[in-house]
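One is the number of the first residue; the rest follow in order along the sequence. In this text, all values refer to a predicted model and were calculated from it rather than measured experimentally.
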Amino acid sequence: MTLSVAEAYAACEAVTKSRAGNFWHGLRLTPRPERDGLFALYAWMREVDDLVDGDESGSAGSRVAERLRRLDELAAQTELLLAGGKIETSTPWIALA
């Protein structure tokens with residue numbers, strides 16, 4: 001199921017509130033639509049950070065190779081999004097688009 005833009009923004013706000021409550025409180029003072037954009041950006045950055053921190057299973061070499069592969073995919077998808085191309089249907093991408 002694909003989220004609506006409003007649902008994606010709400011999900012990004014929930015990520016911000018649960019993962020960085022201090023940012024959430026500060027960002028709540030920002031007027032809409034800037035606030036929604038900042039929540040979306042935070043959720044995207046959180047996804048990148050979680051990807052880099054990653055899962056610690058497997059050998060060190062395989063972990064690094066997998067993280068690099070996934071970062072390359074994320075970079076390509078981000079460039080595509082910024083160029084107005086087709087996007088994934090996950091929360092931060094819908095909100096960022």
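Once rounded to the nearest 0.5 Å, the distance linking CZ of F23 with CE of M45 reads 7.5 Å. To the nearest 0.5 Å, atom CG of residue L96 and atom CG of residue L82 are 8.0 Å apart. In this structure, the separation between CZ on F39 and CD on E34 is 12.0 Å, given to the nearest 0.5 Å.
With hydrogens and angles ignored, the 3.5 Å screen pairs a side-chain donor or acceptor of E7 with a backbone N or O of S4. When atom types are taken as modelled, the side chain of R46 and the backbone of R19 share no donor-acceptor pair closer than 3.5 angstrom.
Hydrophobic cluster membership differs between L80 and L41, with clusters built from Ile, Leu, Val, Met, Phe, Trp and Tyr side chains linked at under 4.5 angstrom.
E47 and L74 make their closest contact through OE2-CD1, 4.1 Å (heavy atoms, listed as atom of the first residue, atom of the second, distance).
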Contacts table for residues 8-16: side-chain donor-acceptor under 3.5 angstrom, sequence neighbours left out:
residue	atom	partner	partner atom	Å
E13	OE2	W24	NE1	3.0
E13	OE2	R28	NH1	3.1
T16	OG1	C12	O	3.0

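Considering L38, D36, N22 in turn, L38 is the only one that fulfils the side-chain contact (heavy atoms from CB on, under 4.5 Å) rule with L27.
Ion pairing of E73 with R70 is absent here, as no side-chain N (NZ or NE/NH1/NH2) approaches a carboxylate O to less than 4.0 Å.
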Exercise for review: Test L71 against V48 for side-chain contact (heavy atoms from CB on, under 4.5 Å), laying out the working first.
Suggested key: CA-CA 8 Å; L71 281 171; V48 173; 4.3 Å; yes
